[in-house]
There are 2 protein chains.
Amino acid sequence: MSAIKERRERERAQRHQLIITAARELAEAEGWEAVTTRRLAERVEYSQPVLYSHFSGKDAIVRAVSIDGFGELAAHLGRARSATPEPGQALHAVCRAYLEFATERPALYQAMFVMPTDVKFAHAETPPQLRAAFDEFVSCFRPDNARRELFAEVIWSALHGVAVLSDSGRIPPDTQDERLDFLIARLADTPS
Amino acid sequence: MSAIKERRERERAQRHQLIITAARELAEAEGWEAVTTRRLAERVEYSQPVLYSHFSGKDAIVRAVSIDGFGELAAHLGRARSATPEPGQALHAVCRAYLEFATERPALYQAMFVMPTDVKFAHAETPPQLRAAFDEFVSCFRPDNARRELFAEVIWSALHGVAVLSDSGRIPPDTQDERLDFLIARLADTPS
DNA sequence: GTAGGATGCCTAGCACCGCTAGGATGTCGA
DNA sequence: TCGACATCCTAGCGGTGCTAGGCATCCTAC
């Protein structure tokens, strides 16, 4: 009956999410190079081909993980912004929260912003979670600022550069705070 | 005799460089995922194990390509800086030249700044080519500026963020100039 | 209650990857 | 000329992402 079908779809949806979280946990524990379809299948206690009945391939699994990440990032930035009453300080707080997110969840961050993807920032098919995260930056500027989207984009990019060079060990992480202070002082101080 | 040995070493050095340039050409033509040891060996017309008599592994080949790239980047930035007589405009020119380099040689840029590496920016074992490139940024600030190294590091990071997000298609490349202008206006205007 | 059909899942295998062991081949010096 | 050495290739290892094909289970319809 339909009840049976519903139960099956429910179980299937659960397994779908199980694969995503297992992939994320494995990546956060051992890095994305350790996330192979075999190890992932073993972890969810199914055979390899089951993964392909849920996702078109490994890329699609990474993409699903990243979309979960966008949601969490949006929430994280949102908390930082709303916890800062003074509007002039909001962008400071959001920037700090962003780098915090990147350094504390490096594998998740990699899936979101480093690994090959077809996700776009500003596009009709942009996942709403990503748009929400972006809007946390945009909201830090006055609504009558015609270039607030551009500002947000550049600040995001700059933070990304700092985050990713630090994560890959190319710049020393111990002076990260100084870089952030300088960046904020230069970019975030209430523009036109 | 020693002449024979010399000839052999010369040939060996040529083959060493041949491998590096072949890897780079293949990467620039089809991306790094197309650079496999088999295809590379076929391209240099030797068998696979020959690669391993020159390099400890594929990573080492990528590293060699990236060090060549650092040299070219330093030269490219140096030309931009010395072609700009007015000191206040030097940083503008160097920033533009940097993004130019990144967008015109995306595969090379990836090897230098995105792919996993053990190369550090500011470190005792930093390749001199990389140090030279970094110094092109540093030289744009007055020598009595105590924080010029930090400034250079942050500007580099911000440019890297813009370059890499644009290259991976996450931000649209057609508004790159606007981003650069904003970034330069904010970061490059003669600081303290 | 049972036959028939659809569905779900696993075993086995494909072509490819980075890397290496071991042997054939060719070159050099005594 | 012959032994020692260096050079280089064939073949193969264990891994990768992904898929074809068959088996078993479950639901449906008679």
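Residue contacts shown for B:R12 are absent, as no nucleic acid heavy atom lies under 4.0 Å away.
Atom CH2 in A:W32 sits roughly 15 Å away from atom C1' in D:dG17 (whole-Å rounding). Nucleotide D:dC8 holds its C1' atom 15 Å from the CD atom of B:E45, rounded to whole Å. One can place NE2 of B:H54 at 16 Å from P of C:dT20, the figure rounded to the nearest angstrom. Rounded to an integer number of Å, the gap from A:I19 CD1 to D:dG17 P is 14 Å. D:dC8 atom C1' lies 8 Å from atom CZ of B:R15, rounded to whole Å. Remark: C1' of C:dG8 and CZ of A:R10 are 18 Å apart, rounded to the nearest angstrom. D:dA6 atom P lies 18 Å from atom OH of B:Y46, rounded to whole Å. Atoms CG (A:L51) and P (D:dT16) sit 13 Å apart, rounded to a whole Å.
Although no hydrogens or angles enter the test, the distance criterion places a donor-acceptor pair under 3.5 Å between the side chain of B:T117 and the main chain of B:V119.
Qualifying side-chain hydrogen bond (donor to acceptor under 3.5 Å, both in side chains) partners for B:E178, counting only residues two or more places apart in sequence or in other chains: none.
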Are any protein N/O atoms closer than 3.5 Å to N/O atoms in nucleotides 16-18 of chain C? If there are, list each pair with its distance.
residue	atom	partner	partner atom	Å
C:dC17	OP1	B:T36	OG1	3.2
C:dC17	N4	B:R38	NH2	3.3
C:dG18	OP1	B:K58	NZ	3.0
C:dG18	OP2	B:T37	N	2.8
C:dG18	OP2	B:T37	OG1	3.0
C:dG18	N7	B:R38	NH2	2.8
C:dG18	O6	B:R38	NH2	2.9

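Among pairs with a residue in residues 94-111 of chain B, those fulfilling side chain to side chain donor-acceptor pair (under 3.5 Å) read B:H76-B:E100, B:R96-B:D181, B:Y98-B:Y109, B:Y98-B:W156, B:Y109-B:H160, at least two apart in sequence or across chains. The stretch residues 128-143 of chain B participates, sequence neighbours left out, in these side chain to side chain donor-acceptor pair (under 3.5 Å) pairs: B:R81-B:E136, B:R131-B:D135, B:R131-B:E149, B:R142-B:D144.
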Name the atoms and distances for all side-chain donor-acceptor pairs under 3.5 Å in residues 41-50 of chain A, with sequence neighbours left out.
residue	atom	partner	partner atom	Å
A:Q48	NE2	A:T37	OG1	2.7

Show me the donor-acceptor pairs, under 3.5 Å and distance only, between side chains in residues 63-70 of chain A and residues at least two apart or in other chains.
residue	atom	partner	partner atom	Å
A:R63	NE	A:D118	OD1	2.8
A:S66	OG	A:R63	O	2.7
A:D68	OD2	A:Q17	NE2	3.2

